[in-house]
Structure formats: C-alpha cells, structure tokens
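Before any comments, here is the structure.
When a residue number appears, it is its place in the shown sequence, counting from 1. Just so we're clear, the structure is a prediction, and the values are computed from it rather than from any experiment.
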Amino acid sequence: MSVMRNFGLTWILSVGMLIVIVIPPYDFSTVVLNTEKSYPEYKLLETYGEFGGFKSTARLVYVINTTILMGIPYLIPVFILVFRHKIFKQINEVQTHLSDRTKKASLDLVRALTMQAMFPMICLIPNVAYFVLSQSIHNPFVIAEFIPFPTCIIPCLIDPMLTIYYVAPYRSFVTRRRRSVAAALTVSVAPSSTRTI
C-alpha cells in the first residue's frame, strides 16, 4: 500500500507542476520586450523571431516549481541513500535465512541500483551550476553552454558497466563471451608441408 501511495504522490506532484504553470495568462509580447531589454547583445528577436515564455516568473507558482525542480538533483540522492540503508539493514537482519552467496548477490544488486540511481543526479549538478552561474554573470562562458550534452550521456555509458560488474548473471555472461572470443581469436598455425616444384 505504501508503494501505491508513493507512486500516487509522485504523479500528483508531477502533473500538478505541469498544470499550475499554464494557469496564469500568457503575455508573449511583454516577455519578448523584457528579454530584448535584458539581453540586447544577443539580438534574439532578429535571430529567432517571436518567442514565448512566462511574463511573471516572480509569482509564487513559478518560485515553487523552480525550487522543486532545482531541489530534485540534491534531494533524490538523500532519499536513495535512506532507502539503501533500510534495505541493507533488512538484509542483515534476515542473514540467518540467507546463504552467504545470496546475501552477497543481494547486497551487490542494491549497490548497483544505488549507483545507477545516483549517477544521473550527479550528472545534473554541472547543469544546475551552469544555470546559477549564467543567472549571476551577465555574459557567462560560451563553452559552458555545451556542458549539459556530455553530462547527460555519462549515465548511459556507466550504467551498463555497473550492471556487468555488480550483477552476477551479467558478469558471468560477459566473462563467458570474452573467453569464447579469446578462444576463437587464438589461431594455431600448423607447420606447412614442404613441396618441391
């Protein structure tokens, strides 16, 4: 029942955030004028034409949404570590019912899942830092605009490696495949017979 409650709260919060931001009236012309006035060096209207946005981002609705979105990368790791601690505690409490091999496999699986859940959050930190930096400095470093792209790819590269390392069936599969490939690449050269022409 608690799992359903947690899923329900997550969905209500997510859908609520999406609905709430569209309730205030749009005023794109004011957004365009304010943005052009704040950043005249970018010539956004000339470059991109008319664009949208929200007029009053200082409203409580936007402040709450921004706070939640900016807090997620820092709060989720805390929740993950709390749940990890609870799972480790439960595994250690029932250790008399588990064999050493099963206990080790369970702990390894929890470690892998913890790391897989933490990596995307850790990779969001440079993006949040760039956002804060770009708001405080009028002309942020141009190269920093490209930080989000490689940091979003890192979890996709690391997740499979974590799975292979920590989850025993995957690790044994990769080990078997590596051995079979190595055996196939081993070429035994037989001595050729000498022929006289």
Side-chain angles (χ1 to χ4, degrees), residues 1-19 21 64-133 143-192:
M1 191 64 188
S2 61
V3 173
M4 293 302 292
R5 184 195 65 220
N6 291 343
F7 275 121
L9 288 173
T10 304
W11 276 97
I12 288 169
L13 182 65
S14 305
V15 172
M17 286 174 64
L18 290 172
I19 291 171
I21 61 171
I64 290 171
N65 275 5
T66 305
T67 304
I68 290 170
L69 290 172
M70 298 300 267
I72 284 172
Y74 303 101
L75 290 176
I76 286 184
V78 172
F79 292 132
I80 290 169
L81 292 175
V82 167
F83 286 122
R84 176 183 183 264
H85 175 72
K86 287 183 177 182
I87 292 169
F88 269 38
K89 186 177 175 185
Q90 189 170 8
I91 289 172
N92 288 327
E93 283 175 1
V94 296
Q95 63 182 345
T96 54
H97 305 292
L98 299 173
S99 67
D100 289 339
R101 185 175 176 180
T102 305
K103 183 181 172 186
K104 183 184 180 316
S106 301
L107 292 173
D108 282 348
L109 182 61
V110 172
R111 285 187 190 102
L113 291 173
T114 303
M115 286 191 214
Q116 285 179 328
M118 296 278 277
F119 255 103
M121 299 303 116
I122 291 168
C123 293
L124 283 176
I125 291 173
N127 300 345
V128 173
Y130 169 69
F131 176 77
V132 171
L133 183 71
I143 193 71
E145 292 179 12
F146 299 101
I147 288 174
F149 302 110
T151 56
C152 291
I153 294 169
I154 290 171
C156 300
L157 298 172
I158 299 220
D159 276 355
M161 289 186 245
L162 289 172
T163 303
I164 290 167
Y165 182 77
Y166 280 107
V167 182
Y170 290 109
R171 187 171 56 240
S172 62
F173 172 77
V174 169
T175 306
R176 280 196 316 268
R177 288 292 292 170
R178 197 175 67 202
R179 285 181 188 150
S180 65
V181 168
L185 291 177
T186 304
V187 179
S188 58
V189 179
S192 59

At their closest point, which heavy atom of Phe88 faces which heavy atom of Val110, and how far apart are they?
CE1-CG1, 3.2 Å
Just verifying a value: how many Å separate Ile87 CD1 and Ile80 CD1, rounded to the nearest 0.5 Å?
10.5 Å
To the nearest 0.5 Å, tell me how far Arg101 CZ sits from Ser106 OG.
12.0 Å
Please tell me whether Thr175 and Ser172 have a donor and an acceptor in their side chains that are separated by less than 3.5 angstrom.
no
Expected list for residues 153-162: side-chain donor-acceptor pairs under 3.5 angstrom, two or more places apart:
none

Hey, could you give me the CD1/CG distance between Ile91 and Leu107, rounded to the nearest 0.5 Å?
4.5 Å
For Arg171 and Ile164, work out which heavy atoms get closest and say how close.
CB-O, 3.0 Å
Considering only heavy atoms from C-beta outward, does the side chain of Val167 approach that of Asp108 to under 4.5 Å?
no
Rounding to 0.5 Å, atoms OG1 (Thr114) and CD (Gln116) come to a distance of 9.5 Å
Could you check if a side-chain atom of Asp100 sits within less than 4.5 angstrom of a side-chain atom of Lys104, using non-hydrogen atoms only?
no
To the nearest 0.5 angstrom, please state how far the CE atom of Met115 sits from the CZ atom of Arg84.
7.5 Å
